[in-house]
Amino acid sequence: MKPSEATQGTLGNAGETPPAVSVCLHVLKKRTDFLACNKGNYRGVKGFVLQARDRQDGTTDIRVGFTCSKKVGNAVARNRAKRRLREVARLTLPQMGRAGWDYVLIGKREVTATRDFQVMLSDMKYALKKVHE
RNA sequence: GCGGAUGGCUGGAUGGCCGCACGUCUUCGGGCGUGAGGAAAGUCCGGACUUCAUGAAGCAAAGGCGGCGGGUAACGCCCGCCCGGGGUAACCCGAGGGAAAGCGCAACAGAAAGCAAACUACCUGUCUUCGGACGGGAAAAGGUGAAACGGUGGGGUAAGAGCCCACCACGGUGAUGGUAACAUCACUGGUAUGGCAAGCCCCGCCUGAAGCAAAACCAAGUAGGAACCGCGCGGCCUGUAAGGGUCGGGGCCGCUUUAGCCCCAGCAGGUUCGGGUGGUUGCAAGAGCGCAUCAGUAAUGAUGCGCCCAGAUGAAUGGUCAUCAAGGGCUUCGGCCUGAACAAAAUCCGGCUUACAGGCCAUCCGCGAAA
RNA sequence: GCCGCUGUAGCUCAGAUGGUAGAGCACGUCAUUCGUAAUGAUGUGGCCGGAGGUUCAAGUCCUCUCAGCGGCA
């Protein structure tokens, strides 16, 4: 993770950053919700895997879940990967997510915890575009 | 200074913007406070706590511990000492009771693997076909093996042997020192007592079982099931009957004894429990931490003062940027690059074990004139 | 979080009471057949998950450790 000149300008602008995840998003807690997303649209990018599904139950909440299994690494690596995924979701989903959809982000070994954060954000935008098609 | 030994500490810092969990205040906009470790890990020991088992005593089984003394709530931990081994030394290592209570094991090799015996060789008697055969003595030498019934030296003898002597080792007795393990000294014995108990076992001591996914409570109330209430209830005696008395059988953690408790036809019904779901409690003031004084060689204890220090449950402590910095690499000596290991609570404590980049401190030892 | 179980040949498993590690399938070679399969004979292949310890000697006994798997509201 090298700080590059290009990324310095876009970060640090407080006006663009959205408020907390919990205000706009709900967190998935049920195992059945995760399994349902597993059958939905699927897109893998270098840093992680995105799954999405239109619930079609009339509600307009955007819900999001995170999965980092033991394959990702030990407890330290799993926590770190999950936090970065949560931050990615917080910065993108309120603008680009669709109402009434569920999203699940799955961490990958080594990559999720170490990939440059700006690249992860553009990965997410690309994956969302593909998953909505 | 170089090379070591031991014990301990630390294991990034500051700030900006956005964000998370809990607590608290609120004018509901938000503000304030706190927020991973020395191992949070492995789950190897010991407890607290909770539930289950009817109480007590004894026995058995199973498992563990094991020099001595002390510390502790307790321990398989810690401290001090003893013994044995290693190291020039500082110091380190040791599952360190019993093999003269008993059973068992030792492949291959070797004459022989634990009662002792005798293959080659040694000494000697008789016979001899001069190759040797048979008998006696003896256990030093040879070879085998991981291990062969004390070791070294001398005397002694036909050859030899604790057969005798000196020293060492070992056993027994006594004295002295020490709380003790044990040590030292004196006398004495003359081979008895080889190894393995992380083989069975013996001796001494300890242990009821499960575990916070334990467990308690609340909400909602359904399929199949269990218990209790009610009707009613084993044999015998007495009684017209109600009732009373007496004798049994079975169950209550492996066994026994004793005390006590429960059950012993069936069922339309009523009540409750239990199974699954969600939530609350358990769940954060404790064998707590820091400092000082005193007792003690120390582990540790006592007293005083001060402090409050995570509490999640698809599981919070993050993302990003800047500055600084120990250290490392390159160097044209201007500087440039890099820039933190092992690893994250899940009921809580005391330990052990394992992982760990780098840095710091203290004490001690050897070499060296000294640094 | 707590409690258990298993690691042996390429694969599936044996291995009592410590003493030269075995079986089946697979693989190689040969025979049989005009040729293949099947069948028969024969051979190769293991530091027994890793590191220490006890012992003369450890797959086996003890301790630590690393993987994999299962159960518990």
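Per chain, numbering begins at 1; letters A, B, ... match sequence-line order.
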Would you measure the distance from the P atom in B:G199 across to the matching atom in B:C105 and give it in whole Å?
16 Å
Could you please name the partner base of B:C77, counting Watson-Crick and G-U wobble pairs only when both distances are under 3.5 Å?
B:G71
Check whether any side-chain heavy atom of A:V49 lies under 4.5 Å from a side-chain heavy atom of A:L105, and answer yes or no.
no
Rounded to the nearest Å, what distance is computed from the CZ atom of residue A:R90 to the P atom of nucleotide B:A21?
12 Å
So do the side chains of A:M124 and A:L93 get within less than 4.5 Å of each other, counting heavy atoms only?
yes
Going by a 90° cut-off around 0, is B:G162 syn or anti?
syn
Integer-rounded Å distance: B:C17 P and A:L91 CG:
17 Å
In whole angstroms, the gap separating P of B:G19 from CG of A:L121 amounts to 16 Å
Atom P, compared across B:A148 and B:G142: separation rounded to whole Å
13 Å
Pairing check on B:G243: which nucleotide meets the Watson-Crick or G-U wobble criteria with it, both distances under 3.5 Å?
B:U238
OH/A:Y42: more than 12 non-hydrogen atoms of other groups inside 6.0 Å:
no
Could you tell me whether the side chain of A:F66 reaches within less than 4.5 Å of the side chain of A:R86, counting heavy atoms only?
yes
Whole-Å distance, A:N79 CG to B:U317 P, equals 8 Å
Nearest-0.5 Å distance that lies between atom CD in A:E87 and atom CE in A:M120:
10.0 Å
If B:C364 has a Watson-Crick or G-U wobble mate with both distances under 3.5 Å, name it; if not, just say none.
B:G4
Less than 3.5 Å between a donor and an acceptor, one on the side chain of A:N74 and one on the base of B:A343, is that the case here?
no
Between B:U300 and B:A316, how far apart are the P atoms? Round to whole Å, please.
37 Å
Taking only nitrogen or oxygen atoms into account, show me every contact under 3.5 Å that the protein makes with nucleotides 310-314 of chain B, one pair per line with its distance.
{"unit_1": "B:G314", "atom_1": "O2'", "unit_2": "A:L28", "atom_2": "O", "d": "2.5"}
{"unit_1": "B:G314", "atom_1": "N7", "unit_2": "A:K29", "atom_2": "O", "d": "3.0"}
{"unit_1": "B:G314", "atom_1": "N2", "unit_2": "A:T67", "atom_2": "OG1", "d": "3.2"}

For A:R80 and B:G319, is the shortest distance between a side-chain N/O and OP1 or OP2 below 4.0 Å?
yes
Could you tell me whether the side chain of A:F48 reaches within less than 4.5 Å of the side chain of A:I106, counting heavy atoms only?
no
Is the base of B:G29 syn or anti, where syn means the angle lies within 90° of 0?
syn
In this structure, which stretches of RNA chain C are paired as stems of three or more consecutive Watson-Crick or G-U pairs, both distances less than 3.5 Å?
C:1-7 with C:66-72, C:10-13 with C:22-25, C:27-31 with C:39-43, C:49-53 with C:61-65
The Watson-Crick or G-U wobble partner of B:A118, with both key distances under 3.5 Å, is none
It should be established whether A:R86 places a side-chain nitrogen or oxygen under 4.0 Å from OP1 or OP2 of nucleotide B:A21.
no
Are the side chains of A:F34 and A:D102 in contact, using a 4.5 Å heavy-atom criterion?
no
Euclidean distance, atom CG of residue A:D116 to atom C1' of B:G319 [Å, nearest integer]
12 Å
Which label fits B:A36, syn or anti, where anti is any glycosidic angle not within 90° of 0?
syn
Is any side-chain heavy atom of A:I62 closer than 4.5 Å to one of A:W101?
no
If we only count heavy atoms from C-beta on, is the A:T67 to A:Q51 side-chain gap below 4.5 Å?
no
Can you tell me the pairing partner of B:U157 across any strand shown, Watson-Crick or G-U wobble, with both distances under 3.5 angstrom?
none
Looking at A:R84, I'd like to know whether one of its side-chain N or O atoms comes within less than 4.0 Å of OP1 or OP2 on B:U320.
yes
Partner of B:A355 by Watson-Crick or G-U wobble geometry, both contacts under 3.5 Å, or none?
none
B:U144 - base-pair partner by Watson-Crick or wobble geometry, distances under 3.5 Å:
none
Sorted by position of nearest nucleotide on RNA chain B, 5' first, the leading residue of A:E87 and A:A75 is A:E87
side-chain contact (heavy atoms from CB on, under 4.5 Å) against A:K129, all qualifying residues, sequence neighbours excluded
none
Does a nitrogen or oxygen in the side chain of A:R83 sit under 4.0 Å from OP1 or OP2 of B:A316?
no
In the structure shown, which nucleotide is the Watson-Crick or G-U wobble counterpart of B:A287, with both distances under 3.5 Å?
none
